[in-house]
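Before any comments, here is the structure.
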Amino acid sequence: MDYSKEQERAIKHVEGPCMVIAGPGSGKTAVITGRTKYLIDSAGVSPADILVITFTRAAAAEMEQRFKDMTKGHDYHVRFGTFHSIYFWIIKTAYKLSNSNIIKSEEKRKLIEKILSGMSLEYENKEDIISGIIQEISLVKCDMIDIENYYSKDMPEDVFREVYKRFTREMTRIGKIDFDDMMVMCYELLNKRPDILESCRNIFKYIMIDEFQDSNKIQYEIFKLLAKPLYNVFVVGDDDQSVYGFRGARPEIMFLFEKDFKRTKKIFLVDNYRCDRAVTRVSSKLIADNKKRFDKKLVSKKTDEGIYKIIETKNVNAENEEIIRMVRERYEKGIPYENQAVLYRTNIEPRGLAYKLNQFNIPYTMSDTLPNLFEHFVVRGVLDYMRFAMGEQSREIFLRIMNKPSRYISRNLLTENMIDFDDLRYRARDKEYVVERIDKLYADLRLIRKMRPYPALNFIRKAVGFDDYIKDYAEYRQLDADELYEILDEFAGMIVDFKSYADMFEFIEEYTEVMKNQQIEEKNKKGLRLMTMHSSKGLEFDCVYIMNVVEGFVPYRKAKTSAEIEEERRMLYVAMTRARHELYVFIPEEVSGKTKNKSSFLKD
């Protein structure tokens with residue numbers, strides 16, 4: 001294989017610390033496998049002394065296979081693994097652990113649900129709450145934060161701290177650990193058992209890490225312990241592609257490396273063998289606006305100019321239609337669907353596109369689960385009002401609407417399975433203000449019954465007070481109320497033309513069935529790739545279409561600090577550099593009926 005001058009410098013590095021800053025499409029995998037082979041064949045290093053760490057099992061398996069392909073005829077036993085697999089290997093002998101000690105994902109969710117129930121904490125969007133808690137627990141451990149100094153984004157800090165403590169105690173009681181515990185336990189073990197640390201250092205004399213920019217604090221601290229005293233460490237990463245801040249990854253770790261490992265050799269791989277010139281040029285210009293980064297500029301090694309184009313549309317519907325038109329046009333020109341990708345910032349954005357793709361019989365696959373809009377708790381709340389108004393007057397539905405907004409109607413007033421408003425008034429007769437609210441609710445429901453779905457939605461939100469309920473709930477949960485309002489705006493856009501509730505509910509049922517079947521089928525299917533910017537990392541396609549590059553989505557509305565904005569810019573950079581030949585950036589003027597400004601990242 002022919003290597004560039006800088007790739008060859010990296011491959012032939014043997015002793016001491018080295019950091020390779022490798023831009024998109026610069027051949028970093030070839031460098032890692034090439035150096036592994038060079039250490040064995042030319043530097044006389046034993047394969048058993050080499051450890052190659054990647055971030056996913058799939059990446060480790062792919063790296064190992066590429067190494068085996070390079071070294072056919074030899075049976076070199078180099079250890080390839082993830083941080084978690086290596087660190088678990090270290091602790092399982094010391095603590096007599098097995099795979100049965102690792103808590104399963106569903107088991108962990110049920111444990112947190114039990115804790116919330118035990119604390120009498122009730123939330124509308126339970127699944128989202130549990131996911132958020134799991135993510136924050138992981139962040140506390142990976143960033144090595146004292147829980148008393150951690151401030152939750154999802155709930156009051158004292159509540160989260162109590163959830164965290166109960167979760168930790170319960171995990172100890174049932175004898176389970178999670179992937180973050182593996183690292184915490186490994187760090188503690190190596191610090192208190194110098195004999196075990198010394199054994200590990202003798203085994204791992206040459207350590208290489210891929211995707212180093214994705215390391216978190218505790219992974220890095222363990223790595224530093226293992227690296228001494230030889231310091232034969234070789235890390236490959238790109239600070240411009242650090243996009244996992246939500247799980248503790250910090251690009252600053254790459255800057256720390258030079259301080260922690262003296263006399264580090266630094267090598268830049270800036271030759272881009274993936275992207276045509278136009279894509280390389282515009283993505284380099286974008287990322288240059290970030291302040292905290294190594295100063296570098298990608299250079300395309302391709303001879304073709306390629307295509308970069310901004311496409312403005314009236315709204316998201318027009319955006320979806322244009323994407324579908326372009327995808328089909330390129331397919332007819334010989335570009336397979338699977339060589340084309342639609343990328344977006346959040347996994348809720350492609351709902352309308354996915355539905356239209358089904359209508360046009362265009363095969364597609366999704367890397368992330370697509371949340372059903374009609375199952376979101378704010379939409380369910382509105383649909384409950386509509387169902388009750390149309391005659392489904394069960395106690396179960398009434399319980400869900402009676403205090404949204406708060407009317408101070410007690411559950412104790414509901415004694416029958418079906419709701420009778422005369423009975424309700426009678427049972428509440430001692431509280432005149434409650435009777436007045438029951439009368440108002442009854443009158444509102446009668447009006448809703450006579451309306452079409454779209455005006456009914458607006459009536460429920462404004463006149464009935466559902467938007468007020470959302471505002472109060474968002475404040476309690478420390479959520480962004482505007483984000484929840486946008487869910488209802490999107491729902492409004494989907495039902496605006498329906499003449500009756502029957503038509504609307506028939507559409508909802510059909511939509512749900514279509515999307516459910518799609519997600520069951522797509523494991524065995526090839527097609528257009530739909531994925532978030534996060535999921536696209538490490539992949540490449542002939543044509544890339546990036547949706548909704550407008551303020552609020554790119555950068556995402558939750559990004560407030562300069563560090564968060566820089567991560568959002570890195571995310572767009574990652575998305576852009578997935579394109580080999582054609583890159584299209586879409587800017588809809590309206591999203592969910594609201595005017596949007598083009599992303600500030602596109603100012604140049």
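We number each residue from 1, following the sequence as shown. Heavy atoms only: backbone and side chains are in, while hydrogens, waters and symmetry mates are out.
Counting only N and O atoms by type, the side chains of E510 and Y355 include a donor and acceptor under 3.5 Å apart. A donor and an acceptor atom, one from each side chain of T82 and S85, are located under 3.5 Å apart. Between D41 and Y76, the side chains place a donor N or O and an acceptor N or O closer than 3.5 Å (distance only, hydrogens not considered). No donor-acceptor contact under 3.5 angstrom links the side chains of T313 and E589, judged on distance only. A side-chain N or O of D260 and one of Y220 form a donor-acceptor pair less than 3.5 Å apart. Between the side chains of Y545 and Q340, at least one donor-acceptor pair of N or O atoms lies under 3.5 Å. Side-chain contact annotation: D69 with Q65, donor-acceptor N/O pair under 3.5 Å present. Inspection of the E349 and N548 side chains reveals an N or O donor paired with an N or O acceptor under 3.5 Å. Under the 3.5 Å distance criterion, with hydrogens and angles disregarded, no donor-acceptor pair is assigned to the side chains of N347 and T532. Under the 3.5 Å distance criterion, with hydrogens and angles disregarded, no donor-acceptor pair is assigned to the side chains of Y573 and N290. Judged purely by distance below 3.5 Å, without hydrogens or angles, the side chains of Y584 and E582 pair a donor atom with an acceptor atom. Looking only at atom types and distance, the side chain of T512 has a donor-acceptor partner in the side chain of N372 under 3.5 Å away.
In this structure, the side chain of S300 engages the main chain of C275 through a donor-acceptor pair within 3.5 Å. When atom types are taken as modelled, the side chain of S535 and the backbone of M531 share no donor-acceptor pair closer than 3.5 angstrom. One N or O on the side chain of H13 and one on the backbone of E15 form a donor-acceptor pair closer than 3.5 Å. At least one donor-acceptor pair under 3.5 Å links the side chain of N232 to the backbone N or O of G16. With hydrogens and angles ignored, the 3.5 Å screen pairs a side-chain donor or acceptor of S4 with a backbone N or O of Q7. N315 contributes a side-chain N or O that, together with a main-chain N or O of N317, makes up a donor-acceptor pair within less than 3.5 Å. D239 contributes a side-chain N or O that, together with a main-chain N or O of F294, makes up a donor-acceptor pair within less than 3.5 Å. Under the 3.5 Å distance criterion, the side-chain polar atoms of K291 are matched with a main-chain donor or acceptor of D289.
Taking CZ of R274 as the reference point, atom CG of L298 lies at 9.5 Å (rounded to 0.5 Å). In this structure, the separation between CG on L51 and CG on L226 is 8.0 Å, given to the nearest 0.5 Å. Distance check, rounded to the nearest 0.5 Å: CE of M63 to NZ of K28 gives 6.0 Å. The CZ atom of F83 sits 4.5 Å away from the CD atom of Q219 when rounded to the nearest 0.5 Å. Taken to the nearest 0.5 Å, the CD atom of E567 stands 9.5 Å off from the OG1 atom of T561. The NZ atom of K285 sits 11.0 Å away from atom CE of M576, with the distance rounded to the nearest 0.5 Å.
Here E322 pairs with R325 in a salt bridge; the nearest charged N to carboxylate O distance falls below 4.0 Å. Using a cutoff of 4.0 Å between basic side-chain nitrogens and carboxylate oxygens, D240 and R569 are not scored as salt-bridged. Using a cut-off of 4.0 Å between Lys/Arg side-chain N and Asp/Glu carboxylate O, E564 and K558 are scored as not salt-bridged. Between E321 and K356 there is a salt bridge, with a side-chain nitrogen of the basic residue lying less than 4.0 Å from a carboxylate oxygen of the acidic one. Salt bridge status for R578 with D542: absent, with no side-chain N to carboxylate O gap under 4.0 Å. In summary, R281 and E305 engage in a salt bridge, as defined by a charged side-chain N under 4.0 Å from a carboxylate O. Salt-bridge formation is detected for the pair R351/E490: a Lys NZ or Arg NE/NH1/NH2 atom is positioned less than 4.0 Å from an Asp or Glu carboxylate oxygen.
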For this session: Take F246 and H534 through the test ring pair (Phe, Tyr, Trp, His ring centres under 6.0 Å) and record every step on the way to the result.
Result: CA-CA 11 Å; F246 64 89; H534 277 113; 5.3 Å; yes

Problem set entry | Evaluation steps, ring pair (Phe, Tyr, Trp, His ring centres under 6.0 Å), between Y337 and Y364 | CA-CA 8 Å; Y337 286 130; Y364 67 92; over 10 Å; no

Problem set entry | Step-by-step side chain to side chain contact (heavy atoms under 4.5 Å, CB included) determination, L357 to L530 | CA-CA 11 Å; L357 288 168; L530 270 59; 4.0 Å; yes

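Geometrically, R345 engages Y556 in a cation-pi contact, judged by NZ or CZ lying under 6.0 Å from the ring centre and within 45° of the ring axis. The cationic atom of R35 (NZ for Lys, CZ for Arg) lies less than 6.0 Å from the six-membered ring centre of F234 and within 45° of the ring axis.
F261 has its ring centre less than 6.0 Å from the ring centre of F223. Close placement of the Y511 and F374 rings is indicated, their centers lying within 6.0 Å of each other.
Checked against side chain to side chain donor-acceptor pair (under 3.5 Å), E332 has no partners two or more places apart in sequence or in another chain. Listed by chain and number, the residues in a side-chain contact (heavy atoms from CB on, under 4.5 Å) with A58 are T56 (sequence neighbours excluded).
Two residues are said to be in side-chain contact when any heavy atoms from C-beta on lie closer than 4.5 Å; V550 and S599 fail this criterion. Side-chain atoms of V45 and K205, non-hydrogen and from C-beta on, never get closer than 4.5 Å to each other. R570 places none of its side-chain heavy atoms less than 4.5 Å from the side chain of Q213. With contacts defined as side-chain heavy-atom distances shorter than 4.5 Å, the pair P371/H376 does not qualify.
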